[in-house]
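Excluded from the calculations below are hydrogen atoms, water molecules and symmetry mates; all remaining heavy atoms, backbone and side chain alike, are included. Residue numbers count from 1 along this sequence.
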Amino acid sequence: MMTSIPTIETERLLLRAHTVDDFEAYQTMWSDEAVVRFIGGVPSTREHAWARLLRVAGMWHHMGFGFLAIEEKRSRRFIGEAGFLDMKRDMHPVSTEGTLETGWGLMPFAQGQGYASEALTALIAWAEDRFPSKPMTCIIDPGNDPSLRLARKLGFREVQRCNYNGEVILLSRSGTRPA
């Protein structure tokens with residue numbers, strides 16, 4: 001499935017395909033301990049960040065969805081990414097496989113300003129239009145209160161606690177069938 005990667009504009013943000021020019025900021029974000037604290041807990045090496053960036057393009061190519069870079073329109077700088085995955089995770093007792101696993105990550109300076117909510121609201125509307133029968137899920141570390149609050153604001157509700165490299169909370173978005 002080859003698909004074109006959309007560009008989505010919101011009031012303050014441009015959600016767009018990642019570019020090689022994003023790499024330095026991308027690597028800075030994924031090597032920041034504050035960013036990865038609840039996302040695996042291990043800062044990315046330069047090599048791992050590069051592989052992660054390339055994975056984004058592969059998800060769009062093969063699945064028709066993926067993550068978009070988040071650019072602040074005012075400053076024109078990369079501030080994070082958000083979107084959808086299907087990672088074939090080794091999760092127990094249930095999985096996010098076959099769902100639009102929703103995720104996001106922002107640079108520390110961009111957190112707490114409503115950017116993630118703004119980006120995800122636009123992305124969810126895009127996905128509901130293109131994948132109306134596909135359930136949306138997300139997995140969040142139980143200690144990540146800001147992300148849990150955001151997920152609930154966006155209509156996600158806890159389905160169950162799972163094991164994925166430690167305990168995570170599996171959430172499913174209302175209006176979609178549970179995972």
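H18 is listed as a side-chain neighbour of Y26, based on a closest heavy-atom distance under 4.5 Å. Side-chain contact between M136 and F84 is present, with heavy atoms from C-beta onward closer than 4.5 Å. In this structure, E71 and R77 have side chains that are not in contact, with every pair of non-hydrogen atoms separated by 4.5 Å or more. Residues R12 and E72 have side chains not in contact (no heavy-atom distance under 4.5 Å, counting atoms from C-beta outward).
With hydrogens and angles disregarded, a donor-acceptor distance shorter than 3.5 Å links the side chain of W60 to the backbone of F67. Side chain of D86 to main chain of E97: no donor-acceptor pair is present (N/O by atom type, distance under 3.5 Å, no hydrogens or angles). At least one donor-acceptor pair under 3.5 Å links the side chain of Q111 to the backbone N or O of L106. Using modelled atom types, one side-chain atom of R173 and one backbone atom of L154 make a donor-acceptor pair closer than 3.5 Å. At distances below 3.5 Å, not a single donor-acceptor pair connects side-chain atoms of N144 with backbone N or O atoms of D141. Using a distance-only test at 3.5 Å, with no hydrogens or angles considered, a donor-acceptor pair links the side chain of T45 to the main chain of H48. In terms of modelled atom types and a separation under 3.5 Å, the side chain of R157 and the main chain of R152 share a donor-acceptor contact.
Annotation: side-chain hydrogen bond (donor to acceptor under 3.5 Å, both in side chains) contacts involving residues 28-43, sequence neighbours excluded, comprise W30-E81.
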### Query
Are E118 and T10 close enough, and set up right, to give a side chain to side chain donor-acceptor pair (under 3.5 Å), and what steps lead you there?
CA-CA 7 Å; E118 186 175 329; T10 70; 2.5 Å; yes

### Query
How far apart are the C-alpha atoms of K134 and T99, what are their side-chain angles, what is the distance that settles it, and do they pass the side chain to side chain donor-acceptor pair (under 3.5 Å) test?
CA-CA 6 Å; K134 212 166 192 40; T99 73; over 6 Å; no

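Of the charged side-chain nitrogens involved, none lies within less than 4.0 Å of a carboxylate oxygen, so that K73 and E11 do not count as a salt-bridged pair. Under 4.0 Å is where a charged nitrogen must lie from a carboxylate oxygen, and between E24 and R46 at least one such pair does. Salt-bridge formation is not detected for the pair E9/R16: no Lys NZ or Arg NE/NH1/NH2 atom is positioned less than 4.0 Å from an Asp or Glu carboxylate oxygen.
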